2 protein chains.
Amino acid sequence: MVKITDVARHAGVSPSTVSYALSGKRPISEETRRRIEASIRELGYRPHAGARALASSRSNVLALVVPLRSGIHVPVVMQFAVSVVTTARRYDHDVLLLTQEEGEEGLRRVADTALVDALIVMDVQLHDPRLPLLRALERPSVLIGFPAAAEGLTCVDLDFKAAGELCVQRLAGLGHRVVALVGSPPEVYVRETAFAQRVVQGFTAAADRNGMASSVHPCEATPAGARRIAEQLLRDQPALTGVVVHNEAVLEPLIDAFEQLGLRVPVDLSVTAICPDELAAGLRVPVTSVALPTAELGERAAELLMRKLDGDPDVPEATLLAPRLTERASTAPREAR
Amino acid sequence: MVKITDVARHAGVSPSTVSYALSGKRPISEETRRRIEASIRELGYRPHAGARALASSRSNVLALVVPLRSGIHVPVVMQFAVSVVTTARRYDHDVLLLTQEEGEEGLRRVADTALVDALIVMDVQLHDPRLPLLRALERPSVLIGFPAAAEGLTCVDLDFKAAGELCVQRLAGLGHRVVALVGSPPEVYVRETAFAQRVVQGFTAAADRNGMASSVHPCEATPAGARRIAEQLLRDQPALTGVVVHNEAVLEPLIDAFEQLGLRVPVDLSVTAICPDELAAGLRVPVTSVALPTAELGERAAELLMRKLDGDPDVPEATLLAPRLTERASTAPREAR
DNA sequence: GTAAACCGTCGAAGCGCTTCGACGGAGGAC
DNA sequence: GTCCTCCGTCGAAGCGCTTCGACGGTTTAC
């Protein structure tokens, strides 16, 4: 293994000079830097991560806690993860994968052993048991998602309440008077997963504000679940003309089910969704949707974390992305019926 | 931060004794160990990962390279990842997440900086450009998937060729004479992704052996793609009665499409699949399938890696899991038609 | 009874890097 | 010309841990 002293000898400088050339923490003359870089290349030098971590008390690794629990849509999680990794790499950091299963002990472990410098936590519940820990930890963290009480924590998320409102608003604008929300699977609400609750709030508030009749329906993430909901809606709410879907897995099956039951989208039924744009745009009936900007959220989370690691004193605590609705083929004025 | 010397002082022993008590690499008297453990608990001691890595030249971290390319089924990837992480934790290791995008340079980087002790690589192509690097690397690795030339590499996978054969064999046993394989998206074959190719081989070989008419159809991983294939099969192969599906994303839409086109499963058409059991079993029509044992594969990969790290000299190079077919509701004798 | 083997513990060295203080020399201020 | 400052570099200390050799004190072997 080639080490920094080898490079130093080869370049005719001291090890500390090599270190400074690498980190840029002190000025190094143009010529010396060139020589050092040449030696590094020639010898194939790679600084030892452990040694670096020990000496600098920075591991350059972030922890990412991914949820595996039932009811969450895996591809979306993966999009977050990829975005976090990609962004972290831009800042010369790597990402350690933690499963939700490891729980608080896992967070404490990687933080206390200095395995990681900072943490990103997904799938936040309104009253998440990890919050006190995250506040107490000596390492910075960012949550993707908003708990009920977010003081002292840095959080990033789509403004799901506004997203729910926006969907309803759009349907209201098109003249719809009776709307339903098809939401996440029941267990997600039982756990009080923050984003799911917020959508319900926004949905209900906007419907009330507009004097619309509204109802909320948790939905299993399976085609069978979708079909069941569709049948139930058709039976119990014959006047229904607008549906908001907040459940990636059932978006397509649900539309299929409606059509098989004789409700054409958007002629008889307007559908809006909250989900990643690619999903909404790629369906047989492209769906009018509020984008869930996974790439941007992951990127923001990682960037905020880097700023905190840099000691930036005014990193915003709350970053709520405003919802953006894209009109597609699944919505139409109610008159069109 | 509390360090090993603090623990040593508190317990009235030397730091090395604490270290040995922790690692078990030398015998420590029952009583001393107790005292040390008590001190550790009382002080809340956590060994510093970087210091440990430096002194022991072991980081206790594995790299996992996950594919993000189009055509691969994300939930399956996630299942592998979770299984690897869970198993690694059993052996007191953590997992660093690398994206395919980082490529060979990424592998080299984490290996050469000693950030990780070993690597697990997924989504192996028949002629994978990373193979020479993995062979040359000073750190052990395990592939999930088999390249064309696997000598000198440790590989784990389902025996996809046998899996393809088994599906056909089953259909043959039921009296079917004309079969089709609905496979992965075209780009997967273009890349020569190993497992996809092997299924085709097995499928074709078994069909030929049984004197069956057979055809292979790559399929986009979208419901629209599924529908297109269904229509095409119906048009071009009216005698078709058996289908093998090797494409998680289209399994359900494909069956739906067939039924909408008037082909009842399994009355008119028998369907078998190669996919995770949960998927096959959870569909509206539970599908007879060869299990893709993601949990077991991930676990095996991690375990083989741990053995290699332990210096076990006879770790098997090739681990090919025999396919296991589970009969469900999607297959019936041809006579039933 | 003596030698050999072993057990449990200690002290010191060292893993490869970063960082701090120091220092010679060049440039600027006056 | 002198003094001060700044630039570029060096040497040494030290980050927190593991590991090696050594060393008394017991056992065991014969």
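These numbers were taken from a predicted model, which means no experiment stands behind them.
Taking the charged nitrogens against the carboxylate oxygens, B/D6 and B/K3 have no contact shorter than 4.0 Å, which rules out a salt bridge. With salt bridges taken as basic N to acidic carboxylate O contacts below 4.0 Å, one links A/E30 and A/R33. Under the 4.0 Å criterion applied to side-chain N and carboxylate O atoms, B/R90 and B/E299 are assigned as salt-bridge partners. Under a 4.0 Å N-O distance rule, the pair A/E102/A/R109 qualifies as a salt bridge. Between A/E105 and A/R130, no side-chain nitrogen of the basic residue sits less than 4.0 Å from a carboxylate oxygen of the acidic one, so the salt-bridge criterion is not met. No salt bridge links B/R307 with B/E303; every basic N to acidic carboxylate O contact stays at or beyond 4.0 Å. A salt bridge between A/D112 and A/R139 is absent, with no side-chain N of the basic residue lying under 4.0 Å from a carboxylate O of the acidic one.
For B/M1 and D/dC15, the CE to C1' distance is 10 Å, given to the nearest whole Å. Across the protein-nucleic acid pair, B/I28 atom CD1 and D/dT18 atom C1' stand 13 Å apart, rounded to whole Å. Between B/I36 atom CD1 and C/dG8 atom C1' the separation is 11 Å, expressed in whole Å. Between the P atom of D/dT18 and the NZ atom of B/K3 lies a distance of 14 Å, rounded to the nearest Å. One can place CG of B/D6 at 14 Å from C1' of D/dC15, the figure rounded to the nearest angstrom. Taking atom CG of A/L22 as the reference point, atom P of D/dT9 lies 14 Å away to the nearest angstrom. Atom CG in B/L54 sits about 11 Å away from atom P in D/dT18, given to the nearest Å. Per the geometry, CD1 belonging to A/I4 stands 16 Å off P belonging to D/dA12, to the nearest Å.
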Original post:
Could you run down nucleotides 20-27 of chain C 5' to 3' and tag each one B, S or - for protein heavy-atom contact under 4.0 Å?
Top reply: BBB-----
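Inter-residue side-chain proximity for A/R52 and A/R58 is flagged as unmet; no heavy-atom pair is nearer than 4.5 Å.
Taking only side-chain nitrogens and oxygens, A/S29 never comes nearer than 4.0 Å to OP1 or OP2 of D/dC7. For D/dC10, the OP1/OP2 oxygens have a side-chain nitrogen or oxygen of A/T17 closer than 4.0 Å. Side-chain nitrogen and oxygen atoms of B/K25 include at least one within less than 4.0 Å of the OP1 or OP2 phosphate oxygen of D/dT19.
A donor-acceptor contact closer than 3.5 angstrom links the side chains of A/T17 and A/S14. Between B/S19 and B/S16, the side chains place no donor N or O within less than 3.5 Å of an acceptor N or O (distance only, hydrogens not considered). Between the side chains of B/T32 and B/S29, a donor-acceptor pair is found at a separation under 3.5 Å.
Both B/S56 and B/R35 lie near DNA chain C, and the one whose nearest nucleotide falls closer to the 5' end is B/R35.
Interface residues of residues 41-53 of chain A facing DNA chain C, ordered by number: A/Y45, A/R46, A/P47, A/H48, A/A51, A/R52; criterion, heavy-atom separation under 4.0 Å. Within residues 107-117 of chain A, no residue approaches DNA chain D, by heavy-atom distance under 4.0 Å.
Residue B/L64 holds its CG atom at 7.5 Å from CG of A/L97, rounded to the nearest 0.5 Å.
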